[in-house]
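Note that the numbering runs from 1 along the sequence shown for the chain. Just so you know, ligand 1 is whichever comes first in the structure, and atom 1 is the first atom listed for that ligand.
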Amino acid sequence: MIKRVGEDQVGAPETPQTSVDLFLARYGTDWWRDGIVYQIYPRSYGDTDGDGVGDLPGIIDQLDHLGRDGLGVDGVWLSPIYPSPGFDVGYDVSDHAAVDPLLGTEDDFDRLVREAHDRGLRVILDLVMNHTSDRHAWFQASRASREGPYADYYLWRDPSGHDGEGRPLPPNNWLSFFGGSAWRYEPARGQFYMHTFLVEQPEVNWRNPAVEEAQLAMVRGWLDRGVDGFRLDVFNIFLKDAEMPSNPELEGEAGTSAWDRQEHKYDRDQPDFPDLIARFRAIVDEVPGRMSVGELFYGGPETSATLSNQNHLVFDWELVRAPWSAEEYRGLLDRRQTIFGDDIWPTVVLSNHDQSRHASRLSASAGIEDTDAIARAAAAILFTLRGTPFLYYGEEIGLCDVEVPFEEIIDPPARRVEEGWVWWNRDACRSPMPWTGEPGHGFTTGRPWIRFGDDADTRNVAAQVTDPASVLGAYKRLIALRHDRPSLRHGSLRRQEIGGPDVLAYMRAADGEQTLVVANFATADTTVDLAPAGGGVWRPVGGSHVQPVAPDGTRSLALRGLEVAILERG
Ligand code: NOJ
């Protein structure tokens with residue numbers, strides 16, 4: 001069993017009484033469990049040199065937006081900041097130990113860490129350790145020859161044979177998630193290399209001890225520079241079956257990708273992966289308060305919960321997939337409770353750099369036009385569920401997906417269209433942050449690398465920062481409320497059977513405090529009888545709206561359309 005950070009911290013109860021006590025005894029009060037993490041896509045946050053691409057000084061300039069006098073989040077996760085030729089916009093890394101000159105200097109990075117820490121913000125780096133760029137020095141050496149120290153740094157295999165015209169055939173049926181075979185022939189070696197993503201992103205060979213040693217040395221290097229933790233890109237595919245057999249083919253539904261029509265038995269979730277991740281964790285855990293969060297690459301909450309035993313956190317994608325429907329959310333919360341129980345700590349995520357922004361996605365799923373109303377209601381749920389909330393820059397002002405014309409598309413897979421399969425253009429959720437209504441929106445003095453949304457003149461931070469009724473106003477209130485209430489930060493969650501079909505209700509409880517959350521998913525007003533939630537008087541403490549409603553004397557709660565009420569027992 002891996003020792004948990006904070007397991008023996010002062011303040012953990014000696015004789016655990018409740019599931020929450022057990023949880024505290026196990027985890028202590030680490031910031032990553034009680035806190036909130038905010039993801040920044042560095043190219044889209046602030047551009048200080050006018051090249052249209054965000055940079056590290058641009059992030060430093062905006063740290064006050066995030067700290068205690070602003071939003072009040074606890075940690076900042078930076079999407080990759082390393083040198084990259086940009087085929088997967090930063091996720092194709094050519095040097096994992098350095099800062100991309102496009103984004104700034106090494107000194108800029110060290111200053112960012114210092115300035116973030118000064119504001120009480122932790123810094124989480126995105127580690128892309130499953131693959132490198134094909135421009136990485138390791139791969140340059142590895143592809144050149146079957147001899148030498150880097151020859152076995154990648155997944156090289158001989159052809160399985162040759163076709164009628166003498167062309168080499170791939171070693172097995174594995175596929176790239178971005179389309180086509182997962183294998184690319186390299187004439188210099190007379191072998192294929194494997195890539196789950198683009199051909200420019202060759203997969204490293206984690207089964208080579210020298211690779212593991214080099215990766216962990218790189219991890220130590222960043223920790224020595226004061227980094228507080230890591231998000232691990234596609235971590236459950238680090239290891240493949242050593243023999244690399246073909247994956248079983250599945251009966252796929254029409255319209256699914258070829259990748260979806262395989263059972264990924266041999267190219268992900270290998271039985272010895274937990275041992276590898278434990279070796280990584282041992283390094284992170286050398287200093288209390290550091291954390292890691294694994295990006296589950298395909299997999300449900302069961303896999304997320306299982307892997308959470310070896311990690312601080314593992315993303316679970318159910319909320320990202322769920323439409324705006326009380327019925328769906330009720331089912332989702334029940335599954336979460338069954339799978340994670342009171343002991344395993346989940347994440348709460350609505351948006352990230354790979355997904356449609358949730359203001360757009362949830363509104364479209366319910367046919368509701370008022371994206372701000374959905375954003376405020378979704379936020380009230382996000383900050384009151386059990387788990388660590390991960391925010392994605394821009395969601396705090398209700399940013400929607402931006403329509404990018406085909407000729408401007410940057411996201412590489414979006415330019416590749418295969419029969420029966422069209423890749424969603426991720427540029428839509430990566431447009432720059434609009435800080436003001438001025439030209440360039442306080443983001444750049446140049447031409448932004450991705451266009452702004454049509455509403456950036458009015459939807460920007462400056463326009464919302466003093467408006468309590470705005471999405472930003474709601475985020476600030478809800479984050480402050482979460483920080484104030486132990487039951488919201490680390491309490492248990494029990495779903496409540498109250499209200500009609502469009503109502504979701506749950507109770508959070510910890511340290512003798514109870515908080516009841518009642519959400520109306522419909523646009524029409526509704527009345528909810530609170531009696532099934534137990535006796536006593538309920539008082540509003542917050543919610544999606546500026547003025548929370550109070551239940552009347554008979555404890556019947558009147559909710560406006562798309563209103564979430566947060567109540568405490570009086
Ligand atoms: C997962 C990242 O979230 C995604 O943006 C990227 O394209 C793939 N990993 C490949 O690195």
Side-chain angles (χ1 to χ4, degrees), residues 37 39-44 54 77-96 100 124-136 139 154-155 174-180 182 184 193-204 206 215 230-240 257 259 264 267-269 292-299 303-304 307 313-317 320-321 347 349-357 390-394 401 404 409-416 421 423-431 449-450:
V37 180
Q39 180 188 359
I40 289 179
Y41 201 72
R43 293 169 190 230
S44 290
W77 146 27
L78 305 175
S79 279
I81 56 159
Y82 322 103
S84 161
F87 289 100
D88 194 16
V89 216
Y91 284 90
D92 50 321
V93 178
S94 52
D95 180 356
H96 289 75
D100 191 339
I124 312 293
L125 287 190
D126 207 324
L127 281 187
V128 189
M129 298 195 287
N130 176 68
H131 43 270
T132 70
S133 158
D134 62 350
R135 315 290 154 91
H136 194 292
F139 190 71
Y154 292 82
L155 297 174
W174 291 4
L175 294 171
S176 159
F177 183 66
F178 285 161
R184 170 58 65 108
Y193 68 85
M194 195 243 157
H195 59 95
T196 300
F197 300 98
L198 299 170
V199 287
E200 294 86 359
Q201 293 169 291
E203 220 98 342
V204 303
W206 270 97
Q215 301 268 46
F230 303 102
R231 177 252 188 202
L232 303 179
D233 191 65
V234 295
F235 82 143
N236 57 319
I237 61 169
F238 285 0
L239 289 181
K240 281 79 177 165
S257 71
W259 203 89
H264 291 274
D267 56 358
R268 73 166 189 235
D269 298 326
S292 62
V293 53
E295 185 205 20
L296 197 62
F297 181 59
Y298 265 62
T303 316
S304 167
L307 287 175
L313 295 165
V314 177
F315 285 129
D316 161 44
W317 304 123
V320 167
R321 294 184 192 126
T347 59
V349 187
L350 288 172
S351 285
N352 67 28
H353 64 290
D354 290 328
Q355 314 290 338
S356 168
R357 284 188 174 275
F390 280 77
L391 314 186
Y392 181 54
Y393 83 94
D401 291 337
V404 177
I409 291 179
I410 295 203
D411 189 20
R415 291 184 162 275
R416 298 170 56 166
W421 175 61
W423 177 265
W424 181 68
N425 176 19
R426 296 175 296 179
D427 299 348
C429 67
R430 298 174 177 178
S431 63
W449 75 296
I450 295 178

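For ligand 1 and F197, the ligand atoms under 4.0 Å from any heavy atom of the residue are 8 (C), 10 (C). Close approach of ligand 1 to R430 is summarised as follows: ligand atoms under 4.0 Å from at least one heavy atom of the residue are 5 (O). In the vicinity of V234, heavy-atom distances shorter than 4.0 Å reach the ligand 1 atoms 1 (C), 9 (N). Heavy-atom contacts of R231 reach the following atoms of ligand 1: 3 (O) (cutoff under 4.0 Å).
Between F297 and F197, the gap from one ring centroid to the other is short of 6.0 Å.
Considering only non-hydrogen protein atoms, atom 10 (C) of ligand 1 sits nearest to D88 OD2, 3.2 Å. The single protein non-hydrogen atom nearest to atom 5 (O) of ligand 1 is D354 OD1, 2.7 Å, given as residue, atom name and distance. For atom 11 (O) of ligand 1, the nearest non-hydrogen atom of the protein is H131 NE2, 2.9 Å.
Counting heavy atoms under 4.0 Å from ligand 1, residue Q355 does not touch it at all. Contact annotation for F178 and ligand 1: only side-chain heavy atoms (C-beta onward) come within less than 4.0 Å of the ligand. At a 4.0 Å heavy-atom cut-off, ligand 1 does not touch H195 at all.
Of the listed residues (N352, D126, D233), the one carrying the non-hydrogen atom nearest atom 9 (N) of ligand 1 is D233.
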### Message
Run the salt bridge (charged side-chain N to carboxylate O under 4.0 Å, His left out) test on D354 and R430 for me, step by step, so that the C-alpha distance in whole Å, both residues' side-chain angles and the decisive distance to 0.1 Å come before the verdict.
### Response
CA-CA 9 Å; D354 290 328; R430 298 174 177 178; 3.3 Å; yes
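In this structure, D267 does not pair ionically with K240, as no charged nitrogen and carboxylate oxygen lie closer than 4.0 Å.
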